[in-house]
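Note: hydrogens, waters and symmetry copies are ignored here, and every other heavy atom, side chains too, is used. Numbered from 1 within each chain, the chains take letters A, B, ... in sequence-line order.
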2 protein chains.
Amino acid sequence: MSLIFSRQCEYAIQALIYLAKQPPENWISIKEIAKKLKIPQHFLGKIMQSLSAMGLLQSQKGLFGGFGLAKSAKQIFIYDIVEAIDGDVYRRECVLGFPNCSEKSPCPVHDEWKDLRNGIVEMIKKKSLYDMSEEILKPGY
Amino acid sequence: MSLIFSRQCEYAIQALIYLAKQPPENWISIKEIAKKLKIPQHFLGKIMQSLSAMGLLQSQKGLFGGFGLAKSAKQIFIYDIVEAIDGDVYRRECVLGFPNCSEKSPCPVHDEWKDLRNGIVEMIKKKSLYDMSEEILKPGY
DNA sequence: AAAAAGTAAGATAGAATTGTCTGATTAACA
DNA sequence: TGTTAATCAGACAATTCTATCTTACTTTTT
C-alpha cells in the first residue's frame, strides 16, 4: 500500500528534485537520473514522458539529449507533480470509503479528516522544487 | 491509489462500525453486513477472519452464527483496525520514497510530513468505534 | 440422524500497479 | 554518411491488491 503518493509519484518528485539541482541549461538523461536515484530506468522513462506531456518537462532527443524542467523550479510545486501523475486525488471521496459521505451526511471522521487533508494539500501546494532542492544539502540524493 | 487506507481497511472499519451499532449479544452474519454495506461478501469474509485472528472480533460458527466485537466498542480504535489489516503503516518510510531519509539526513519535507502524519496518527488513535457509531445518526450505513 | 445456515479456508480469477525488454526514431558528431 | 546515444513507444512480465468461487466443517433446529 502506498503511504500517500504512488510509487510513480514518488519517483517523479525525486527525479524533478534532481533536475532542479542541475544547471538549467543542461539536458539530463534518464539513465543518469535512474542510476543516481536507483529508480528502474524504463519505468522512469514512462513517468518522464507523462511529465513532458503535462508540461512540466522539456525533452531533447538524440545524442546528448535528455530532459530539463519546462519552468523555473520556483514555479513547480509538489501538487503539480502529484496532479500530473496521480490525478485529482485530493478532491476525492471519503477516507473511510463510505459511498454516500458528504457534507450533508458526513462519515464519522468527516470533519477531522477534512482538516488533516487540507493540511496536506496546503503543504504540497506551497512546497516548490526550488525549496526542496535548496533543502537538500548533502549529496547522494 | 488508495487515499490513505487500503480498500480492505476501509471495509474493515465500515464493518466494525456496523457491528458497534448492533446489540452486543447478537451474532451478525457476514452476509448481512456485506449486503447492508455493499461490500463483496467473500472478500469481507477474509477480512473478518483477519480481524478475528487479530483479536478484534469473535465468531460463532453454525446456524445463527456470525461475528461480534471481541471488546467493547469504546476500546477499539481506528488505529487498531488499520494496524490489524494494513500493518505498521505509520512508522514507515519517507513520503517521498527516499531510501535513506532519516532524522540525520531528512528529505525535503521530512519535518512538515512528520507533523501531518502525527496529526493523522493522533486522530486514528483517539477515535473509537463507539465514538463513530454514536456519530452516525442517519441509518443507511 | 438429517437438514439448514453459518463460518473457515483455499484455489483461482481479474485488475491495477510496477517493472522489464525491444525496436523505432531522432540528433550530434566524426 | 555512418555511428552513437538519447527519447519515444509498445508489448510484455511480475507483483500486489481486489474479488469470486468452491468445498469443508460447525452448530442449531427439527
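Candidate nucleotides D:dT18, D:dT7, C:dT7 were compared by shortest atom distance to the side chain of A:Ile30, and D:dT7 ranks first. Taking every side-chain heavy atom of A:Ser6 into account, C:dT18 is the closest of C:dT18, D:dA9, D:dA6. The side chain of A:Phe67 has D:dT7 as its nearest neighbour among D:dA19, D:dT7, C:dT18.
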Side-chain donor/acceptor pairs under 3.5 Å, residues 49-67 of chain A, sequence neighbours excluded:
residue, atom, partner, partner atom, Å
A:Ser50, OG, A:Lys46, O, 3.3
A:Ser52, OG, A:Met48, O, 3.4

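Contact check, A:Arg7 against D:dT16: no side-chain N or O comes under 4.0 Å of OP1 or OP2. The phosphate of D:dA5 (OP1 or OP2) has no side-chain N or O of A:Ser29 nearer than 4.0 angstrom.
At a threshold of 4.5 Å between non-hydrogen side-chain atoms, the residues A:Gln14 and A:Leu37 count as touching. Counting only heavy atoms from C-beta outward, the side chains of B:Lys36 and B:Tyr18 approach each other to under 4.5 Å.
Positionally, the nearest nucleotide of DNA chain C for B:Gly66 lies more toward the 5' end than for the other of B:Gly66 and A:Phe43.
At whole-Å resolution of the value, CD in B:Gln8 and P in C:dA16 are 17 Å apart. Summarising the geometry, the separation between CD1 on A:Ile39 and P on C:dG19 is reported as 10 Å, rounded to the nearest angstrom. As a whole-Å value, the separation of B:Tyr11 OH from D:dT20 C1' is 13 Å. For the pair B:Leu44 CG and C:dA8 P, the interatomic distance rounds to 11 Å; values are reported in whole Å. Between the CD1 atom of B:Ile28 and the C1' atom of C:dG6 there is a distance of 13 Å, rounded to whole Å. In this entry the distance linking NZ of B:Lys31 with C1' of D:dT20 reads 16 Å, nearest Å. A:Gln58 places its CD atom 12 Å from the P atom of D:dC8, with the value rounded to the nearest Å. Atoms CD1 (A:Ile85) and C1' (C:dT17) sit 13 Å apart, rounded to a whole Å.
Note on A:Glu122 versus A:Lys125: no salt bridge recorded, every NZ/NE/NH1/NH2 to OD/OE distance being 4.0 Å or above.
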Note to self: Between A:Glu135 and B:His110, is the side-chain hydrogen bond (donor to acceptor under 3.5 Å, both in side chains) condition met? List the steps.
What the structure shows: CA-CA 10 Å; A:Glu135 279 171 35; B:His110 195 78; over 6 Å; no
Check: salt bridge (charged side-chain N to carboxylate O under 4.0 Å, His left out) between B:Glu103 and B:Lys114: does it pass, once the steps are laid out?
Finding: CA-CA 10 Å; B:Glu103 287 297 322; B:Lys114 200 200 295 176; 3.2 Å; yes
Margin query: How would you summarise protein contacts on nucleotides 21-30 of chain D per nucleotide, using B for base, S for sugar-phosphate only and - for none, with heavy-atom distances below 4.0 Å?
Written below: BB---BBBS-
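Sorted by first and then second residue, the ring pair (Phe, Tyr, Trp, His ring centres under 6.0 Å) pairs involving residues 33-56 of chain B (not counting sequence neighbours) are B:Tyr11-B:Phe43.
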